[in-house]
Amino acid sequence: MENKNKLLLIDGSSVAFRAFFALYQQIDRFIAPSGLHTNAIYGFHLMLTNLMERIQPTHVLIAFDAGKTTFRTAMFEDYKGGRSKTPDEFREQIPFIKEMIDKLGLAHYQLVDYEADDIIGTLDKMAEAPDVSFDVTIVTGDKDMIQLVDGNTTVEISKKGVAEFEAWTPEYLKDKMGLTPTQFIDLKALMGDASDNYPGVTKVGEKTALNLLHEWGSLEQLYDHVDELKKSKMKEHLIADRKMAFLSQKLATINVSSPIEIGLEDTIYRGPKVEELLAFYDEMGFAQFKQKLGGQLEKSGDDHPVAVKKVAYQVVVSADEIKVKPDDFFYLEILGGNYHKEEVIGFAWGNENEHFVSKNLSLLTAFDFPENTYDFKKNRVLLNRLGIKLPLAKFDAMLAKYLISTTEDNRISTISKLYADASLKSDEEIYGKGAKLAVPDDAELFGTLAQKIHTLAVSKEKMIAALEENEQLSLLTAMELPLSEVLAKMEITGIAVNKATLETIGRENETRLSALTEEIYALAGEEFNINSPKQLGVILFEKLNLPHGKKTKTGYSTAVDVLENLAVTSDVVAKILEYRQVSKVQSTYVKGLIPQIASDGKIHTRYVQDLTQTGRLSSVEPNLQNIPVRLNEGRKIRKAFIPSEHATLLSSDYSQVELRVLAHVAKDPNLIAAFKADADIHTSTAMRVFNIASANEVSANDRRQAKAVNFGISYGETEYGLAKRLGIPNKEAAEIISTYFERYPEVAHYIENTKREAKDKGYVSTMFNRRRKLLDINSRNFNIRNAAERQAINAPIQGSAGDILKIAMINLDRALETQHLNAKLLLQVHDEIILDVPNDELDQVKALVRETMEQAVELTVPLKVDENIGATWYEAK
DNA sequence: GGCATCACG
DNA sequence: ACGTACGTGATGCCC
């Protein structure tokens, strides 16, 4: 099924005028910081976004009148004469409307001697040519263009405000006036047009003109038989004004063969130029549009339908046809995301001009893989299953895009919108989603693959330029790319899991859950679904009348912190908490993990390398970065994770890495001193904040509070948050925080400077130039802005810490290789790595890991590593 | 598919 | 006066 192209043609001059008057009442509310009136600009934008949303065009052109004189004034001097002067407040906004149109990624055009109508009529005709055949919507403020309606063309005329339009189709025109589109011209010829200032026939208005046309069919027919009319004033006028009638007919006729210098290909909608648009909104003072654009991008990456476009390709069947250039791109396609399980459905390679596609996997065994790709890690893991080992790519477009901006996703369709011609359909459109996921026919599959190669090739230079501009090139080549190889190996290796252990835990849990269920039902006096927060809320807060704390959007909150307060006095709540704990372990970690054990007895997670806002990894299908550890109840799950034969699990984690990074980036002397002295950091903070002279006078409670402060600081925590966490009055929390900043003044400066930097530049950076954009940092909304400020404070800390472990992993992988050790990296959990170490390598590897992690980068404070070993992950902690 | 909940660093 | 920590993923419920 092929989508049809949709062309939206807008009479910019008339729509802008409409927009100006729609918001004229409130003109004084629409003033840019520069003093410029913006009501027409704002209204025009509103109209445009409404139209774009509703019509979803693939092509758009906004036509403007070029000037006062046109070929029509040459025919009739008074054409459009007698109009009152356009207000200055309106005229001055026109250039900005055009600028805005540019930045929205839309085309505009004007042509000397012609009106917007003529440009639109000409393009409309082009769009109806049989080989293109678009659906066309014309939007305007006056009725002249109704003559253009036909089976493919609808004319929408602005009725009221910025969103109400009357849609004219041939049927509607027939219904409403009993006319055909061509007759509409004759209508104007007879009745004239007051605003365009041509008279038509004296004393003939709409009513008379319609009657005449219904009777005679056309102006020509009417005049051919004008003598047959019975004697009347009207007949005299018709005869007297014959010349004017035919002149008016000419004036009313839109020129559909105007000498325009643009074509349909110039009107393809490729989406907004986001950065420029954001700056424009600032200039105009359009806060809501800015907000909305940011939000849209975060959500969906501005999904608009795109022009149907084909890229030529060559299907390669046999090995002797393969031609690969070293700087080609290579791309592998699978359905869905799980490359541990899914089969390759096709692959492609090539460059901007040549696109080769194939489904013949055997070709890959002797393939000369080119330097550039998209998602190297996926390729590496997939091809490993086919026994093919490919060399590390030099450029990975997915990772490059991620480094440039984390605001949108990094799909090729998004890359196409940002760096190419936006002509790529989303994978969802091609392959479907969920249950409807399917391989399309060869033509569509190959066409898509070819377009992907084309998009990647076209985008590469622009992405490299952006990386250079941001000084992020080495982040790609020396960090993310080598890491992708390390992660690929870890994913391929997988971690051995003892299914029987999980099953035993599962049986125990089932027994406990049934017992708990019975007890809860008895205490509640009825049966209900304990897993339903809604039903649970009714039981606890309506039936048992327990005091309810906070509410959620949908009802009472039954979250742990609420239930914990109630559990002190309520047996049933205590049981429910216990049930929840067991149930979580059972559903997510027993029932969830067992089916994830592959036929090799291992679990192979996938690390998502292009997702987080801070540069951390994430882990999916299954997530092995959130295996329980805090409560023994869940921690037992770790007993199922085991080393290979004659090996031991080694877990090495950075001690307080984020606080050390904070000490380093903030250059705080007191924090640095504490780490240099290898002091217990929470005790040290307690001493400074609570004025305690010696470490052994610090109580457990002092340390607990200091620990909360230490963590809270790097998240930008407020006094309210700290008070709640520690269960102390707000005032006391405020006191603690202000004392903290007195004792650690450079931390206070760091926080202020980071916020300042974020507000000035719109982004913050890690020690290694990883960026996080903060679109909301200058929001006028207190909450939104504060949230962005906290993100600004945290991102460089969390991100730098993440970068440090990435560096350590790369170095460790190399060291293991050069020292010919058989130990293998298995897992990464943000500040910790887990290795499978042959027993005879244990001492050496333990030292090597420690050394590599501690020396990954040199900070003003030492990095410290703790390690644990064990015969299961449970013990190695 | 959104929401609530809870697992991790 | 606002309304409360940063970053994730999986599950079950319910519309």
Exercise. Heavy atoms under 4.0 Å, any strand shown: does A:Ser714 hit a base, just sugar-phosphate, or nothing?
Worked result: nothing

For this session: Quickly work out the A:Gln581 CD to C:dT11 C1' distance and round it to whole Å.
Result: 16 Å

Exercise. Out of A:Glu757, A:Arg772, A:Arg771, A:Lys773, which one pairs with A:Tyr763 under the side-chain hydrogen bond (donor to acceptor under 3.5 Å, both in side chains) rule?
Worked result: A:Arg771

Exercise. Is there a side-chain polar atom (N or O) of A:Arg772 under 4.0 Å from OP1 or OP2 of C:dG7?
Worked result: yes

Exercise. In Å, rounded to the nearest 0.5 Å, how long is the span from CG of A:Leu523 to CG of A:Asp571?
Worked result: 6.0 Å

For this session: Please state the P separation for the pair C:dA5 and B:dA4 - nearest whole angstrom.
Result: 15 Å

Exercise. How many Å lie between NZ on A:Lys584 and P on C:dG9, as a whole number?
Worked result: 13 Å

Exercise. Phosphate oxygens OP1/OP2 of B:dC6: is one of them under 4.0 Å from a side-chain N or O of A:Arg580?
Worked result: yes

For this session: Remember a base hit wins even if backbone is also touched, and classify A:Glu719 as base, sugar-phosphate or nothing at under 4.0 Å, heavy atoms.
Result: nothing

For this session: Whole angstrom is fine here: how far is it from CG in A:Asn781 over to P in C:dG3?
Result: 9 Å

Exercise. What about A:His604 and A:Tyr339, are their ring centers closer than 6.0 Å?
Worked result: no

Exercise. When you check the phosphate oxygens OP1 and OP2 of C:dG7, does a side-chain N or O of A:Gln791 lie under 4.0 Å from one of them?
Worked result: yes

Exercise. Just by modelled atom types, is the A:Leu812 backbone N or O under 3.5 Å from a matching donor or acceptor in the A:Thr852 side chain?
Worked result: no

Problem set entry | Under-4.0 Å side-chain N/O to phosphate OP1/OP2 contact, A:Asn626 with B:dG9 | no

